[in-house]
Amino acid sequence: MKLVSYAGQQITTTDEVAEALVALAAAIAREGESAALRIPIAVDGRKEAADLIVGVGNDILVGPQASDGDDPDFSAEAAEIRAHRLFPQRVEGDEDDEEVVAVLPLDLDIERGV
C-alpha cells in the first residue's frame, strides 16, 4: 500500500494506483495542463474514492504505508488511470522495464516570489 499526500491530506491506495498516479501527474504537468482524477482509496478496509486535481502546481507525495491483511484489488482503476490520453506510453522496442517519470525543469523568479 502507498500513502498519498495531497493538499495537506493523506490517503491510502495500492502501489499500482499510486505508481500510475505519479506517472500521469508528471505527464499532465509536462504538458502544462491540469486534470481532475478520481482514484480508489482504502478507508477502514472499505473501498472509497478521492478526487484530485493534478498538473502544474498541484504537488503529490507518495510513500510506503503499512497495511494489515490483503491489499484491495484496484487493478481496474489503475488501468483507467493508465488509459488517460496523456499517460506516458512505451514505444515499441523499449527495452527498459522501469517506468519513466518526467523530471520537470524548475524556473524560479525569486524577485517576483514565483
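From a predicted model like this one, the values you see are computed outputs, not experimental measurements.
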| query | Between G32 and V56, what is the shortest heavy-atom contact and its length? | reply | CA-CG2, 4.1 Å
| task | Taking all heavy atoms of A35 and all of I28, pick out the closest pair and write down the distance. | result | CB-CD1, 3.7 Å
| request: Would you mind checking if R85 and E33 are paired as a salt bridge, meaning a charged N to carboxylate O distance below 4.0 Å? | output: yes
| query | Looking at OG1 of T13 and CZ of F74, how far apart are the two atoms once the value is rounded to the nearest 0.5 Å? | reply | 5.0 Å
| How long is the span from the CD1 atom in I41 to the CD atom in Q9, to the nearest 0.5 Å? | 10.0 Å
| Which atoms form the tightest heavy-atom contact between A29 and G55, and what is the distance? | CB-C, 3.8 Å
| message | Treating Y6 as the side-chain partner and V54 as the backbone partner, does any N or O pair qualify as donor plus acceptor under 3.5 Å? | response | no
| said: Evaluate D51 against L37 for side-chain contact (heavy atoms from CB on, under 4.5 Å), listing each step before the verdict. | reply: CA-CA 6 Å; D51 297 315; L37 301 177; over 6 Å; no
| query | Roughly how far, to the nearest 0.5 Å, is the CG atom of D70 from the CE atom of M1? | reply | 11.0 Å
| task | Identify the two heavy atoms, one from N58 and one from I53, that lie closest to each other, and give their separation to 0.1 Å. | result | CB-O, 3.3 Å
| remark: Sorted by chain and residue number, the side-chain hydrogen bond (donor to acceptor under 3.5 Å, both in side chains) partners of S67 (sequence neighbours excluded) come out as D71
| field | Sidechain N-carboxylate O distance under 4.0 Å for E80, R82 | value | no
| Are E48 and P40 close enough that some pair of their side-chain heavy atoms sits under 4.5 Å apart? | no
| query | How many angstroms lie between atom NZ of K2 and atom CG of D15, to the nearest 0.5 angstrom? | reply | 4.5 Å
| side-chain contact (heavy atoms from CB on, under 4.5 Å) against Q10, all qualifying residues, sequence neighbours excluded | L3, S5
| remark: In this structure, CG of L21 is separated from CG of L52 (nearest 0.5 Å) by 6.0 Å
| task | Take T12 and V4 through the test side-chain contact (heavy atoms from CB on, under 4.5 Å) and record every step on the way to the result. | result | CA-CA 6 Å; T12 303; V4 178; over 6 Å; no
| field | Over all atoms of both residues, closest heavy-atom pair of P72 and T14 | value | O-CG2, 3.3 Å
| task | With sequence neighbours left out, write down each residue that passes salt bridge (Lys or Arg N to Asp or Glu O under 4.0 Å) with E77, or none if nothing qualifies. | result | K47
